[in-house]
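Worksheet for the structure shown next.
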Amino acid sequence: MIDELRDESLKKKVGGGFKLTTLIQKRLCSLNQGARPLVYMPGASNLEIVIAEIVQDKIYLSLKNELRTIEDQPADVPDELGFDDLGLD
């Protein structure tokens with residue numbers, strides 16, 4: 001078993017256990033279909049690669065629970081809005 005999956009901070013990082021499971025499943029599917037890993041880990045399983053990508057903030061779920069990578073997002077356009085972006089005072 002991968003030790004990082006036992007750590008609660010990984011669940012908190014992505015927003016809970018359900019979101020973590022969703023992110024892992026979506027990324028595993030994309031890797032199994034030929035997507036390029038975003039971390040270099042020779043000999044690692046796809047699950048180990050996905051966990052490393054999450055830990056290193058290389059992948060995340062969008063607000064619509066879609067898989068996003070750091071390569072998907074242009075540098076000057078935020079994918080998600082924070083409370084400050086809402087203009088509420």
Side-chain angles (χ1 to χ4, degrees):
M1 191 67 167
I2 299 175
D3 291 333
E4 286 87 353
L5 290 175
R6 293 187 187 120
D7 189 3
E8 289 295 317
S9 65
L10 192 62
K11 290 179 187 175
K12 290 178 185 176
K13 181 177 205 160
V14 298
F18 178 75
K19 286 187 176 186
L20 176 60
T21 303
T22 302
L23 179 57
I24 291 171
Q25 181 268 333
K26 288 177 183 267
R27 184 59 176 156
L28 278 174
C29 286
S30 66
L31 288 174
N32 289 335
Q33 293 174 356
R36 183 180 60 82
L38 300 174
V39 294
Y40 181 71
M41 297 178 64
S45 70
N46 281 349
L47 180 57
E48 291 170 320
I49 291 170
V50 171
I51 299 303
E53 289 176 344
I54 294 170
V55 168
Q56 296 178 27
D57 295 322
K58 303 277 184 178
I59 61 173
Y60 60 96
L61 286 176
S62 71
L63 291 174
K64 296 178 184 177
N65 279 340
E66 297 171 343
L67 173 68
R68 295 282 186 232
T69 68
I70 58 170
E71 295 173 342
D72 292 339
Q73 182 177 349
D76 60 340
V77 179
D79 182 55
E80 298 185 18
L81 298 175
F83 287 112
D84 295 336
D85 299 318
L86 297 176
L88 302 174
D89 293 320

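Please read all numbers here as calculations on a predicted model, not as lab measurements.
Atom OG1 in T69 sits 7.5 Å away from atom OH in Y60 (nearest 0.5 Å). Atom-to-atom distance recorded for Y40:OH and I49:CD1 is 11.0 Å, nearest 0.5 angstrom. Taken to the nearest 0.5 Å, the CG atom of L10 stands 5.0 Å off from the CG atom of L20. For the atom pair I54 CD1 and L61 CG, the distance stands at 8.5 Å (nearest 0.5 Å). Taken from CG in L67 to CD1 in I24, the straight-line distance is 11.5 Å, to the nearest 0.5 Å.
Counting only residues at least two apart or on different chains, the salt bridge (charged side-chain N to carboxylate O under 4.0 Å, His left out) pairs with a member in residues 24-40 are R27-E53, R36-E71. Within the structure, salt bridge (charged side-chain N to carboxylate O under 4.0 Å, His left out) pairs that include any residue of residues 11-23 comprise E8-K11, K13-D57 (at least two apart or interchain).
You'll find the side chain of L23 stays beyond 4.5 Å of the side chain of V50, heavy atoms only.
Both L38 and M41 are members of a single hydrophobic cluster when ILVMFWY side chains are connected at heavy-atom separations under 4.5 Å. Under the 4.5 Å side-chain heavy-atom criterion for Ile, Leu, Val, Met, Phe, Trp and Tyr, I51 and F18 are members of distinct hydrophobic clusters.
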